[in-house]
Structure formats: structure tokens, C-alpha cells
Amino acid sequence: MKQYFFTLLLLMGFNNLFAQEPAIIPKPVSLKIESGVFVLDASTGIRADLKQTGVAPVVDFLRASLKNISGVSMPNKTAGKAIVLQLAKLDEIGQEGYLMQVATNSITIQANANAGLIYGIQTLLQTLPAIRTNAVMQIPCMQIKDYPRFQYRGMHLDVSRHFFGPDLVKQYIDLLASYKMNRFHWHLVDDQGWRLEIKKYPALTQVGAWRVDYTDQVWGNRPQAKTGEPATYGGYYTQEQVKEIIAYAAQRNVTIVPEIEMPGHVASAIAAYPLLSCNKQFQLPMTGGNYTNISSNYCAGNDSVYQFIDNVLDEVVKLFPSTYIHLGGDEVDKDPWKKCAVCQAKIARENLKDENGLQSYFMKRVEGLLKKRNRKMIGWDEILEGGLAPDATVMSWRGEAGGIEAAKMKHQVVMTPGKPVYFDHYQAGPEGEPVAIGGMNTLKMVYDYEPIPKELSTTEAAYVMGAQANLWTEFITTASMVQYMVLPRMLALSEVLWTPKSEKNWDAFNQRLPQQFKAFGQRGLNYSAGNFAVEIKPYAEKGKLFVTLSTEINDAKIWYTTDGSEPNLQSQLYTGPISVQSTQWIKAKLSVNNSIKGLQAAKQYFSMHQAVGKSVIYVKPYSKYYPAAGANTLTDGVRGTDAIGKNWHGFTDGDLIATIDLGEAKQVQTIALGCLQHYKDWIFLPAAVQFEVSTDGTNFTLLGNIPSPVSIEEKSVMHDFKIKAPATPIRFIRVSAKNNLCPKGHSGEGKPGWIFADELVVE
Ligand code: ACM
Ligand code: ZN
């Protein structure tokens with residue numbers, strides 16, 4: 001029936017009309033195109049009842065937005081061609097929904113509240129150019145009915161690890177609002193910087209907001225500050241700036257949820273006021289990720305700490321109108337509390353079970369400080385440990401388990417699982433991408449996210465208020481990088497959170513995306529075309545190596561080369577697995593509608609040798625955290641690179657012992673095992689690699705032990721442990737390597753390190 005209907009429309013020549021359908025993201029609940037267009041020009045006015053509460057700022061927002069793109073400040077008009085904003089009593093669409101009717105002489109936006117009017121305006125703005133152009137501004141006549149699926153649609157920004165000034169913060173809020181996100185989680189406090197002016201405690205920003213500038217060095221490798229070095233990197237927001245940003249957000253229906261992190265992640269506060277910690281020792285502001293000898297917790301036994309927090313929160317709630325105040329609560333290293341007499345006395349006096357009990361006591365006590373001010377606490381899912389505070393809302397980041405547990409306990413939940421909504425993770429590559437913290441959350445993974453876990457009943461699911469993406473900035477140092485990591489993944493999340501589940505469609509979303517890319521370009525925003533990347537995946541079958549090429553775009557064609565040249569529409573068209581038989585590059589790009597997409601080709605170098613495609617048997621399995629390409633990663637012809645998450649098999653629980661069977665006795669020249677050292681990531685070269693060979697798989701002959709050429713103190717090394725093979729043919733090869741303990745002075749001193757191996761090269 002549906003098929004027939006569309007065919008009929010096409011025959012009737014309506015296809016042009018459908019092609020005009022504006023590419024709105026998130027997709028509205030319903031949008032019906034009608035014939036005709038509204039032309040936005042200098043004769044257009046604005047009509048609204050300015051006496052209605054809150055309507056005037058909405059009109060200002062509309063007028064300013066239209067002036068940006070038309071150059072005209074449209075006047076209030078009581079008759080004639082106009083954009084009409086009306087508050088009304090409407091069923092079904094709630095407080096954030098709107099109805100929009102575009103006719104040839106009027107655009108009418110109706111809503112129950114200002115929020116809905118604002119979202120109607122955002123939809124309208126998406127039908128227009130993003131900047132001033134000479135184009136005639138036509139909007140197709142249409143009817144839209146629209147409202148959100150979830151009430152909490154959040155984006156987070158960490159301004160502690162790197163500081164971003166008020167202009168970037170406003171731009172970020174503006175972007176959120178353009179896609180109908182309504183919460184900005186402002187991560188104002190962390191170890192590496194306190195960013196909010198607190199008048200009662202000026203040292204929090206005079207000291208805690210400034211550090212020695214090592215921005216040119218990778219986060220984890222930065223030296224610690226030394227006394228006397230100038231602290232020149234940083235910044236903070238004055239309370240006046242914060243007020244202005246809050247007003248800016250409010251005009252766009254964005255509520256700012258400030259995060260005042262505690263009781264961990266507060267090394268910056270302790271640098272300012274050492275008495276807040278357990279050991280009360282002076283420390284310099286952190287420069288990056290080196291925690292050696294750093295206190296990053298408040299002393300949870302010390303009552304004057306709670307007095308300090310009470311005073312800080314007093315200023316916070318006076319500034320921020322948000323009902324929710326985020327108190328952090330994540331990743332508290334409980335060791336200092338174990339060693340602190342004051343904390344232990346508190347545990348005894350309050351009859352707490354242990355340090356988890358102490359964290360729970362801490363969060364409950366601070367929740368009380370919010371409650372007396374009629375505010376609510378939200379915190380990361382660690383606040384469940386030791387017992388959840390009575391009315392706390394849980395932000396589930398370590399997967400969804402915390403959120404599920406809290407919803408079952410009838411607590412409100414915001415879902416923000418690392419996979420797929422940590423936007424500091426890669427979205428493509430990692431080859432060719434700016435260095436990120438790790439992980440991989442592609443656009444499609446975000447689009448496919450469903451915030452309601454299957455584990456919840458309908459009643460329990462009602463506690464899931466929505467979801468949020470987090471942008472931690474250890475590896476993000478500029479405004480341009482912030483944009484790049486968020487665009488376009490935020491658009492996928494906005495559709496997850498706004499559009500009815502039944503209306504979501506990946507292919508249709510991709511068709512609407514280029515229009516948004518155009519708007520990003522017009523606005524000078526840096527964005528990723530990363531989902532137009534091709535994934536190159538090797539696999540072995542019957543001892544032979546094959547490669548599959550895939551993409552997240554369904555209607556794409558993939559073109560590839562094997563001679564190192566750039567692929568184009570004349571290259572080989574991918575139709576199925578490619579057999580790799582010699583050392584070669586595979587480079588691939590995709591096309592949509594006969595146009596090549598994406599900025600650079602996906603590429604992979606394959607090194608052919610006698611073990612490629614052969615099975616690997618381990619005595620102890622590789623870590624589930626470093627599976628690389630699966631079981632036969634050591635023999636897939638793909639060499640590990642500096643990207644530690646990608647091609648390496650990692651071993652930490654015991655030693656590496658791997659055997660391969662070449663299938664038949666073969667003449668071999670050399671055998672080599674590639675290994676990686678990354679000091680800061682606890683990855684060390686083994687002291688030596690032992691090589692053994694056999695013809696029957698039972699009786700092995702020792703070929704020799706090849707020692708490491710460098711000490712484990714060396715920061716970053718890639719090395720092939722290589723040995724000459726015997727003169728006679730061999731069939732089985734066994735390699736063994738002993739794991740190191742982290743050396744003296746290392747942040748993991750005395751704990752087991754890691755071996756990272758790839759590849760086992762037999763020539
Ligand atoms: C977090 O990512 N530590 C909440
Ligand atoms: Zn203590």
C-alpha cells in the first residue's frame with residue numbers, strides 16, 4: 001500500500017516537492033509538506049503577545065537570529081506577513097513541544113510554554129541558511145507537530161583539564177540548543193583546575209585555576225610542576241561571567257547543571273587549601289595526569305571540610321537556578337582515607353562499615369546541604385557504593401549497570417555510558433584522527449543507542465530521565481577540537497533523545513546530515529566526516545588471509561586500491577572479501593551517489609610472511625580489554641602501531657606463551673616477535689623473549705633467548721625480538737615472554753605490568 005502510494009506520487013511529479021523537505025535534526029514527530037512557499041524577506045514582521053510571561057526574550061531571540069542571516073531587524077507587526085508566536089493550551093505536546101504551520105503569508109508557532117516556542121524557532125532556523133547569503137529565503141509550506149521523547153537531553157563539557165573561555169562556552173550552548181538539547185553539564189571542578197570564582201575562598205581560583213603550562217606535551221607524560229616555575233596556563237569564570245552565560249543558556253531553554261566535584265578529583269582545591277586533605281601537605285597545581293604524591297580527596301572525617309563545602313555551595317546555588325547540582329562522587333581513591341586517623345575515627349563514630357560507607361556518609365551529608373536549599377543532588381554512579389543518598393539522581397557512566405540499579409531502587413537516572421556517549425573517544429580511525437583518549441564511539445554507535453535498558457520494566461524505565469554525552473578534555477586543547485569531537489555525534493544523540501523511537505532511521509538520518517554539514521561549514525565549525533570512513537578488517541580462513549571493507553553508510557559503494565595509490569571512482573569496486581597474498585597496501589574510500597565522501601582514504605599495510613593466517617594458541621589468554629582483531633591478531637599481517645588500543649594483544653595476568661602451527665614443516669629464515677613499551681600505560685618490553693621450535697608439536701628445541709635492548713624506564717619503544725631459524729625445516733614455533741612488575745618510582749610501582757605483542761613474523 002505504502003509502496004503504491006509513493007510510486008503514484010512519483011508518477012505525478014511530486015518528487016521535487018519531497019526533495020525540498022527540510023533536513024531537520026532531530027527529526028520532528030510529524031512533518032507534512034504542503035504546496036507553496038513562505039518567502040522570508042524585509043516585509044516579514046513578528047507577531048506575539050509580549051505581555052505573556054517570558055515571551056519577550058523569545059521574540060528577541062527570534063529577531064536576533066533572523067537579523068544574523070537576513071541583515072534585517074524584523075519589526076513587530078499586528079497584521080500582514082509575519083512569523084507568529086503564540087502561547088496556547090494544546091494537548092499531547094507537553095511543555096517543550098510545538099506546532100508549526102508554514103503558509104504562504106504566515107509562519108505560526110504555537111506552544112504551551114516558552115520552551116516550545118524556542119524549539120519551533122530552532123526548527124525554523126534549520127530551514128534557512130546558517131549565515132547571511134544572497135539566496136532567496138524560501139520555506140516550504142508545511143505542518144509540523146513536535147515534542148521530545150526524553151526530558152533530559154544533555155551535553156557535558158570538562159573545562160578543568162583544559163580551560164575554555166566564555167565565548168566557547170556560549171558557542172557550545174548555542175550548538176546544543178540548535179539541536180534541542182536542554183541540559184549543559186558544566187564540569188567546573190577537577191584535579192587540574194578549579195574554574196568557578198568563589199568569593200569566600202579566593203585561592204580556589206587564584207591558585208587552583210593556574211598551572212605550569214605543559215600543553216605541548218601529551219597529558220600523561222607531562223612533568224609535575226616544580227616550585228618557582230610560573231603557573232601561566234588556566235583561567236576561571238567570574239561570577240559575573242557565569243550569570244551572563246546562565247542568561248544566554250536560559251534564552252535557549254538550556255539549563256546549566258554545574259558540577260562541583262567531591263570528595264575526589266579535588267587536587268586543585270587542595271593546592272589552594274591544603275588543610276582540606278587528609279595529609280594536609282602543600283602541593284602544586286597538577287599539570288596533567290601524573291598523580292605521584294598528589295592528594296586529590298577531601299578529608300571525609302574532618303567537619304571543617306563540610307563547613308567549607310557548605311560555604312561553596314551557598315555561592316553555587318545563589319548563582320545557578322538549576323534544581324540539580326552535580327556533586328561528582330566518581331573515582332575516589334580510598335587509600336588516603338584508610339591511612340587517615342581522622343577518617344577512621346569518623347568511620348568508628350558513625351558506625352560505618354568501611355571507606356565505602358564513609359563515601360556514602362559524605363555524599364548523604366552534602367546532599368543535606370543541598371536539600372536545605374531546595375536543590376537536588378545528582379552524582380556519578382559511584383555514589384551507589386556504600387549506600388545511595390535518599391533522593392539522589394544517578395548519572396550512569398560505567399556502562400548502564402549503575403543506572404539500572406538506581407532505577408530499580410526508584411531513583412531518577414541519566415544515562416551516560418562510556419560506550420557510546422563518551423565523545424572524547426575516537427569517532428573514526430584512529431589513523432588520521434587527532435589523538436584522543438582511546439576507545440571508539442562512531443556516529444552509528446551513538447545513533448543506535450537506546451537509553452532505556454531492556455532490564456527495566458515499564459515502571460522502572462520511567463526513572464530514566466534521558467541521556468547525556470560527556471566531553472572530557474585531557475586530549476582536547478582548543479575550541480576547534482571541541483567542535484570536532486561533538487559534531488556530528490551530538491546530532492545523532494539529539495535524535496536518540498528527541499525523536500520517537502519508531503521514527504528513527506539511520507539511512508534517513510544520513511540523508512539529512514549533509515545539509516547540517518553545510519551549516520557547520522557556513523558557521524566555520526570544525527566537524528568530523530568520520531562516519532564516511534571505511535573500516536578495513538583482516539581475517540584468516542584455512543591459513544589464508546582475507547580482508548573485508550565496510551562502512552556505516554548503507555547506500556555507499558566502496559572503492560579500493562592495492563598499489564598504494566589514492567582510491568577514486570575508477571578504482572576496484574569492493575564486492576566481497578579480498579584475498580591478500582603479498583605485502584601490500586589496501587586503501588579504500590566510499591562514494592554516495594557517485595561522489596567520493598570523506599577526507600582521506602582508510603588504509604592498511606599488510607606484511608606477508610609465512611605465519612600469516614595461521615592459528616595462535618595461548619597458554620593464558622590475552623586480556624579481554626585488548627582483543628585487537630581477535631584470536632589470530634599475532635598472525636594477521638597487520639603490525640601494531642603507536643595506537644595502543646588497536647592491533648596489540650595485551651597480557652597482564654601471567655606471561656605470554658604462544659604457539660603457532662605452520663601447517664607443514666617449512667624452511668624458515670628468521671622468527672620475530674614485535675612488542676611495545678609505553679611506560680605511562682604500564683606496558684613494558686619483556687626482559688627477554690624465548691624462542692623454541694618443533695616438528696611434531698610435542699618435543700620443542702630451545703633456539704635461544706633474545707634480551708631486550710632497552711630498560712623498562714624507557715618511555716616509548718617498539719621492538720622486534722628477532723632470532724635466526726635453524727637450517728632444517730620446522731612446523732611449530734613457541735614464543736615465551738615474562739611480564740615485568742612496574743618499576744620503582746612508577747605510578748604502579750610493584751604491581752604487574754603489561755606485555756603488548758604484535759606480530760609474530762616468520763620469514
Ligand atoms: C567519569 O568519567 N569519571 C565520570
Ligand atoms: Zn581524612
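Heads up: numbering here begins at 1 and tracks the sequence. Read the numbers this way: they start at 1 and go in the same order the structure lists the ligands and their atoms.
By the 3.5 Å distance cut-off applied to N or O atoms, Tyr422 is counted among the residues near ligand 1. Ligand 1 has no N or O atom lying under 3.5 Å from any N or O atom of His265, backbone or side chain.
Near Glu331, meaning under 4.0 Å from any of its heavy atoms, are these atoms of ligand 1: 3 (N). When each atom of ligand 1 is checked for a heavy atom of Trp472 under 4.0 Å away, the hits are 1 (C), 2 (O), 4 (C).
Glu495 and Tyr447 share a side-chain donor-acceptor pair at under 3.5 Å.
Draw a line from the Zn ion (ligand 2) to SG of Cys278 and another to SG of Cys343, and the angle between them is 110° (to 10°). The Zn ion (ligand 2) lies at the vertex of an angle of 110° between the SG atom of Cys299 and the SG atom of Cys340 (rounded to 10°).
Stacking of Arg252 on the aromatic ring of Tyr248 is recorded, both the 6.0 Å distance cut-off and the 45° axial limit being met.
Looking at Glu261, its side chain never comes within 3.5 Å of a backbone N or O of Asp190 through a donor-acceptor pair.
Taking atom 3 (N) of ligand 1 as the reference point, the nearest protein heavy-atom neighbour is Asp330 OD2, 2.6 Å.
Within the 6.0 Å centre-distance limit, the rings of Tyr237 and Phe163 are counted as a close aromatic pair. Trp397 and His156 have their aromatic ring centers separated by at least 6.0 angstrom.
Of the options Asp174, Val169, Leu176, a side chain to side chain contact (heavy atoms under 4.5 Å, CB included) to Tyr172 is made by Leu176 and by none of the others.
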